[in-house]
Structure formats: C-alpha cells, structure tokens
Amino acid sequence: QVQLVESGGGLVQPGGSLRLSCAASGRTFTNYAMGWFRQAPGKEREFVAVISWNGANTYYADFVKGRFAISRDNAKNTVFLQMNSLNPEDTAVYYCAADPTIATLLKLPDYWGQGTQVTVSS
C-alpha cells in the first residue's frame, strides 16, 4: 500500500516558480513510478509529468516541457515537481500519483494524493 501527501502549493505571480513535494509512505514506494496530474476548474484531470522508479526516465506533457522538472529522492520517500515560468493557465489542483510502471500510471494510477492548490495570478 502507498500513501501520498502533496504540499508546496500556493499563490504565485505569472513568471514565478513553485516547488511541489509529494511525501510517500509504504514499503513498495521505491519500486513505483511516480507522477503528477492537475485539474483546473471546469476541466478534466490531465497528465503533467512522470518519473520511473529509479529516476532514470522522465516524461512530460507538451505544455510544460522546458518549464517543469520532476525528480525524486527515494531515500527521503519524496517526489518533487519544480515549476518555473508559471502562467495563469497553470492554475489547478496538482495531484501526486503512483503506480508500478510508467505505462500503467499514464493509463490509470493505482494511488492518488489529496492534491495541492496552485494559483498563478497578478
């Protein structure tokens, strides 16, 4: 079993940066792919980024490439999402997700966090 808790969201001006964290618990965490999704008001949840269990492979949605970076520290059971050059369209609730593989995470993650709000506004 894997439990996920996101943190680090908040209010930021356009062009600013935020770093989200996802604290995970459970003995199987180290061998899980981890990812981030987001959901804006009135829109469907969408994929943002994913990282393999060992951190060697990462994939990003086209709309965040070059701006966001996903990373993980397995020793601390934590996954991060560094978000730079934020714009109002990035405003959403950001959710951490976990699954045994990247492929299955992209289809339907086994585990979700509660989400953390990111608001980009002047």
Side-chain angles (χ1 to χ4, degrees):
Q1 190 72 26
V2 176
Q3 291 75 231
L4 308 173
V5 180
E6 304 95 333
S7 62
L11 176 64
V12 64
Q13 293 184 337
S17 299
L18 283 175
R19 190 191 194 199
L20 305 183
S21 298
C22 175
S25 62
R27 288 192 291 270
T28 62
F29 168 77
T30 302
N31 297 120
Y32 271 60
M34 304 292 296
W36 291 91
F37 292 75
R38 71 185 188 185
Q39 187 168 24
K43 296 184 178 181
E44 295 183 345
R45 186 171 297 183
E46 62 183 352
F47 165 75
V48 176
V50 65
I51 187 168
S52 60
W53 70 272
N54 61 357
N57 302 310
T58 59
Y59 300 93
Y60 298 90
D62 289 340
F63 54 83
V64 301
K65 286 183 178 179
R67 299 190 299 125
F68 293 7
I70 188 171
S71 62
R72 67 190 297 166
D73 185 343
N74 287 346
K76 297 182 178 180
N77 295 331
T78 304
V79 177
F80 305 97
L81 183 67
Q82 178 66 46
M83 305 186 295
N84 301 319
S85 301
L86 288 164
N87 58 65
E89 289 70 34
D90 295 316
T91 295
V93 176
Y94 284 71
Y95 298 90
C96 181
D99 202 276
T101 69
I102 288 178
T104 51
L105 184 147
L106 292 174
K107 289 183 177 181
L108 183 64
D110 286 345
Y111 304 99
W112 295 93
Q114 85 289 349
T116 184
Q117 177 70 48
V118 172
T119 302
V120 184
S121 179
S122 300

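Being a predicted model, the structure only gives us computed values, none of them experimental. Hydrogens, waters and symmetry mates play no part in the numbers below; they use all other heavy atoms, side chains included.
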A.B. asks: Does a salt bridge link Asp90 with Arg38, judged by any charged N lying under 4.0 Å from a carboxylate O?
C.D. replies: yes
A.B. asks: Can any side-chain N or O of Asp99 pair as donor or acceptor with the backbone N or O of Asp110 at less than 3.5 Å?
C.D. replies: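 Indeed, once roles are kept as given, a pair shorter than 3.5 Å links the two residues.
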A.B. asks: Is Tyr94 linked to Val120 within one hydrophobic cluster, defined over Ile, Leu, Val, Met, Phe, Trp and Tyr using a side-chain heavy-atom separation of less than 4.5 Å?
C.D. replies: yes
A.B. asks: Side chain to side chain contact (heavy atoms under 4.5 Å, CB included) for Trp112 and Arg45? Distances and angles first, verdict last.
C.D. replies: CA-CA 12 Å; Trp112 295 93; Arg45 186 171 297 183; 3.3 Å; yes
A.B. asks: For Ser121 and Leu11, what are the C-alpha separation, side-chain angles and deciding distance, and is it a side chain to side chain contact (heavy atoms under 4.5 Å, CB included)?
C.D. replies: CA-CA 7 Å; Ser121 179; Leu11 176 64; 4.2 Å; yes
A.B. asks: Measuring from atom CG of Leu4 to atom CD of Gln114, what distance do you get when rounded to the nearest 0.5 angstrom?
C.D. replies: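 So the CG of Leu4 and the CD of Gln114 are separated by 9.0 Å.
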A.B. asks: Show, in sequence, the C-alpha distance, side-chain angles and deciding distance for Glu89 and Phe63, and conclude whether the side chain to side chain contact (heavy atoms under 4.5 Å, CB included) test is met.
C.D. replies: CA-CA 10 Å; Glu89 289 70 34; Phe63 54 83; over 6 Å; no
A.B. asks: Indicate if Val5 and Leu105 have the same hydrophobic cluster label, given that clusters are the connected sets of ILVMFWY residues with side-chain heavy-atom separations under 4.5 angstrom.
C.D. replies: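 Shared cluster, no.
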A.B. asks: For Ile70, is there any backbone N or O sitting under 3.5 Å from a side-chain donor or acceptor partner on Tyr60?
C.D. replies: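 Side chain of Tyr60 to backbone of Ile70: a pair is present.
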A.B. asks: Give the minimum heavy-atom separation between Arg67 and Ser85, together with the two atoms involved.
C.D. replies: NH1-O, 3.0 Å
A.B. asks: Under a 3.5 Å distance rule, please check whether Asn74 uses its side chain to pair with a backbone N or O of Trp53 as donor and acceptor.
C.D. replies: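 Side chain of Asn74 to backbone of Trp53, a donor-acceptor pair under 3.5 Å: yes, one is there.
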A.B. asks: Roughly how far, to the nearest 0.5 Å, is the CZ atom of Phe68 from the OG atom of Ser17?
C.D. replies: 9.5 Å
A.B. asks: Would you check if the side chain of Thr119 reaches a backbone N or O of Thr91 as a donor-acceptor pair within less than 3.5 Å?
C.D. replies: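 Flag not set: sc Thr119 to bb Thr91 has no pair under 3.5 Å.
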A.B. asks: Closest approach of Ser52 and Arg72, non-hydrogen atoms and distance?
C.D. replies: O-NH1, 2.9 Å
A.B. asks: Just to verify, which of Leu18, Leu81, Val93 counts as forming a side-chain contact (heavy atoms from CB on, under 4.5 Å) with Val118?
C.D. replies: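 Among Leu18, Leu81, Val93, the one meeting side-chain contact (heavy atoms from CB on, under 4.5 Å) with Val118 is Leu18.
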A.B. asks: Find out if a path of hydrophobic residues (ILVMFWY) with successive side-chain heavy-atom gaps under 4.5 Å connects Met83 to Val48.
C.D. replies: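 Yes, Met83 connects to Val48 through the hydrophobic network.
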A.B. asks: Would Tyr59 end up clustered with Leu106 when hydrophobic side chains under 4.5 Å apart are linked, directly or stepwise?
C.D. replies: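 Hydrophobic grouping puts Tyr59 with Leu106.
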A.B. asks: Between Gln1 and Gln3, what is the shortest heavy-atom contact and its length?
C.D. replies: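 The pair with the smallest heavy-atom distance is CG-OE1, 2.8 Å.
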A.B. asks: What is the minimum heavy-atom distance between Thr78 and Ser21, and which atoms define it?
C.D. replies: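 The pair with the smallest heavy-atom distance is CG2-CB, 4.3 Å.
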A.B. asks: How about CD on Glu46, more than 12 heavy atoms from neighbouring residues, nucleotides or ligands closer than 6.0 Å, or not?
C.D. replies: yes
A.B. asks: Using only atom types and a distance under 3.5 Å, with no angle test, would you say the side chain of Glu6 pairs donor to acceptor with the backbone of Cys96?
C.D. replies: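 Flag set: sc Glu6 to bb Cys96 pair under 3.5 Å.
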A.B. asks: At their closest point, which heavy atom of Phe80 faces which heavy atom of Trp36, and how far apart are they?
C.D. replies: O-NE1, 3.5 Å
A.B. asks: For Phe37 versus Phe47, what's the shortest heavy-atom pair and its separation?
C.D. replies: CD2-CA, 3.5 Å
